[in-house]
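The sequence lines fix the lettering, A, B, ..., with proteins before strands; numbering per chain opens at 1.
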Amino acid sequence: MSQARPAKGTRDFAAADVMRRRHVVGVLQRVFERYGFAPLETPSFENLDTLMGKYGEEGDRLIFKILRSGDFMKSVADPSQPKASELTDKALRYDLTVPFARYVAQNAGQLAMPFRRYQIQPVWRADNPQKGRFREFYQCDADVVGTSSLWQEVELVAMYHHAFAELGLDVAVRVNHRGLLAGIAEVAGLGDRLIDFTVALDKLDKIGPDGVRAEWRERGFTDAQCAALEPALQPMGDLNATLDRMAAWLSASEVGSAAVEELRWLVARASATGRLELDVTLARGLNYYTGCIFEVQALGVAMGSVGGGGRYDNLTGIFGVPGLSGVGISFGLDRIVLCLEELGLLPDLASGPQAMVFQFSEAESDFAFQVAEALRAAGIRTVLYPEPAKIKKQFDYADKIGAGYAVMAGASEQAEQCVQIKNLRTGDQARVALADLASFSW
RNA sequence: GUGAUUGUAGCUCAGCUGGUUAGAGCGCCGGAUUGUGGUUCCGGAGGUCGCGGGUUCGAACCCCGUCUUUCACCCCA
């Protein structure tokens, strides 16, 4: 076994993989553009301080850092105990949202607000790989900044619905609101423990209500506080009934009540384009979310979320441009492809050439090349076998690369200015004049 | 970062309580068959047993480390 292999958590994509991924990207790109989003690409790495502190403690740990260039060790004060900042000042991007916010802050004066962009690029995380989890993977993001209108949320949910419908993947789009979580914490007297409260609540589907209660107690919540949080553990049930229940429960909290009303407004409109579920246990880790949050779960296949997003009220504020509210969604390309593969929903996309021109002898090679060029001029994807070889070998190769037709162009064909074209699937063979190559039904 | 798990030919895998030249199927190469294959037959090549140490008369097999795979936790797409 060769030791040559891609780095941990990364993969190569062979022709068939690339075709499948392009198919999915094509669908997403068309949906993005149909909703008026323009493309943006940003560098694969950013200054470290652009990324640090935006994703929470756990996120910071997973950022791939790049070693400083040059002889940086000589400026390290204590080589036995170097500080991180002495070794690294750049990092691979962890997501597309923060680089986007950096871009918006930098160009705020020139951009027409609200500004909407989509971005399809790889991101990197120093995570331990497992199912559907890689260290290099693609995110496909659409964001709008410069408006706090809830219609943006409605349109983004619609984009989720349309994109997944077009891909044929059954999904549940779940929605929640950071303000609702803050409201719950507030009425339970846990306003300062929002993170502890939500991190545990987020695990409800995994560890069950007893598990969540236990974790709350572990995190030092009092019995009274735990009791006050009980309504959050009740099954969601009907969407509007749940909203009514939340409204009554959180009436004492201003943020909580406002969040419930926003959700009510959103749900009334976004449910028109597809299924939308309210899930008060949905927390999402990314620190910067402040309003509605989304997560997309593929149905019928065990896989982490295939998409997520939400509203962030002041992400550009960190970069010196305050007062810009933004909202965005992300599609996880790699997981979507895995789901589609597992469910057999991907068309078999041929990537092979349409024709392969055979070579019979050195003396006939010039004509074979001529024919190959004529085919290419006609727009036919054509491979010229590189040397005269046994016919069996050439047929085997043609099959292996997935060629549709074998083209025989030797001395006898040249004499009559024609070629023999053999369909490699059916075995049918036809004699076609050189002048008719373009009109042949390839 | 934590805890398990995996690694033998190009691929999928055998390989006994450690024992002598590590096997199979498929694939590959050559021939039967120097312009019409995918069948068949014959022959052949190909392995630092992930890597590095250690134990032993002797290690693919036992021990330690390391890398990698898969999975769970954490977190997330």
(message) When the C1' atoms of G58(B) and U21(B) are compared, how many Å lie between them, rounded to an integer?
(response) 16 Å
(message) Tell me whether Arg116(A) contacts the main-chain N or O of Val144(A) through its side chain, where contact means a donor paired with an acceptor under 3.5 Å.
(response) no
(request) Could you check which of U69(B), C74(B), G35(B) has an atom nearest any side-chain atom of Lys8(A)? (result) U69(B)
(request) Starting from the 5' end of RNA chain B, give me the residue, Asn128(A) or Val306(A), whose nearest nucleotide shows up first. (result) Asn128(A)
(message) Tell me whether the side-chain N or O atoms of Gln394(A) pair up with the base of G35(B) as donor and acceptor below 3.5 Å, since no angle test is needed here.
(response) no
(request) Give a yes or no on whether a salt bridge exists between Arg34(A) and Glu166(A), defined as a side-chain N under 4.0 angstrom from a carboxylate O. (result) yes
(message) When the P atoms of G18(B) and G10(B) are compared, how many Å lie between them, rounded to an integer?
(response) 28 Å
(request) Could you tell me whether Arg219(A) and Glu215(A) have a side-chain N and a carboxylate O separated by less than 4.0 Å? (result) yes
(request) Consider the side chain of Lys393(A), meaning its heavy atoms from C-beta on, and name the nucleotide among U36(B), G1(B), G30(B) that approaches it most closely. (result) G30(B)
(message) Let's test your reading of the model: under 3.5 Å, does the base of U36(B) pair with the side chain of Gln429(A) as donor and acceptor?
(response) yes
(message) Taking the minimum atom-to-atom distance to the side chain of Glu58(A), which one of C75(B), U36(B), C28(B) wins?
(response) C75(B)
(request) Please tell me which of the listed nucleotides, U36(B), C76(B), G1(B), lies nearest to the side chain of Met408(A)? (result) U36(B)
(message) Is it the case that the side chain of Gln394(A) and the backbone of Ala389(A) share a donor-acceptor pair, with hydrogens and angles ignored and the cut-off at 3.5 Å?
(response) yes
(request) Output yes when Asp334(A) and Arg11(A) qualify as a salt bridge under the 4.0 Å nitrogen-oxygen rule, no when they do not. (result) yes
(message) Given C75(B), A32(B), U36(B), identify the nucleotide with an atom nearest to the side chain of Lys390(A).
(response) A32(B)
(request) Give Gly307(A) one of three labels, base, sugar-phosphate or nothing, depending on what nucleic acid heavy atoms sit under 4.0 Å from its own. (result) sugar-phosphate
(message) I'd like the P distance from G50(B) over to C11(B), given in whole Å.
(response) 13 Å
(request) Using a 4.0 Å heavy-atom cut-off across all strands, classify Gly309(A) as base, sugar-phosphate, or nothing. (result) nothing
(message) From the set G35(B), C28(B), A77(B), return the single nucleotide nearest to any side-chain atom of Ile391(A).
(response) G35(B)
(message) For C29(B), give the paired nucleotide (Watson-Crick: N1-N3 plus N6-O4 or O6-N4; G-U: N1-O2 and O6-N3; both under 3.5 Å), or none.
(response) G43(B)
(message) With hydrogens left out and only the distance checked, is there a donor-acceptor pair under 3.5 Å joining Arg133(A)'s side chain and the base of C71(B)?
(response) no
(message) If you assign Lys131(A) and Gly304(A) each to the RNA chain B nucleotide with the nearest heavy atom, which residue ends up on the more 5' nucleotide?
(response) Lys131(A)
(message) Please pick, from A77(B), G35(B), A72(B), the nucleotide with the shortest atom-to-atom distance to any side-chain atom of Gln130(A).
(response) A72(B)
(request) Write down the distance separating the P atoms in G30(B) and U39(B), rounded off to the nearest Å. (result) 16 Å
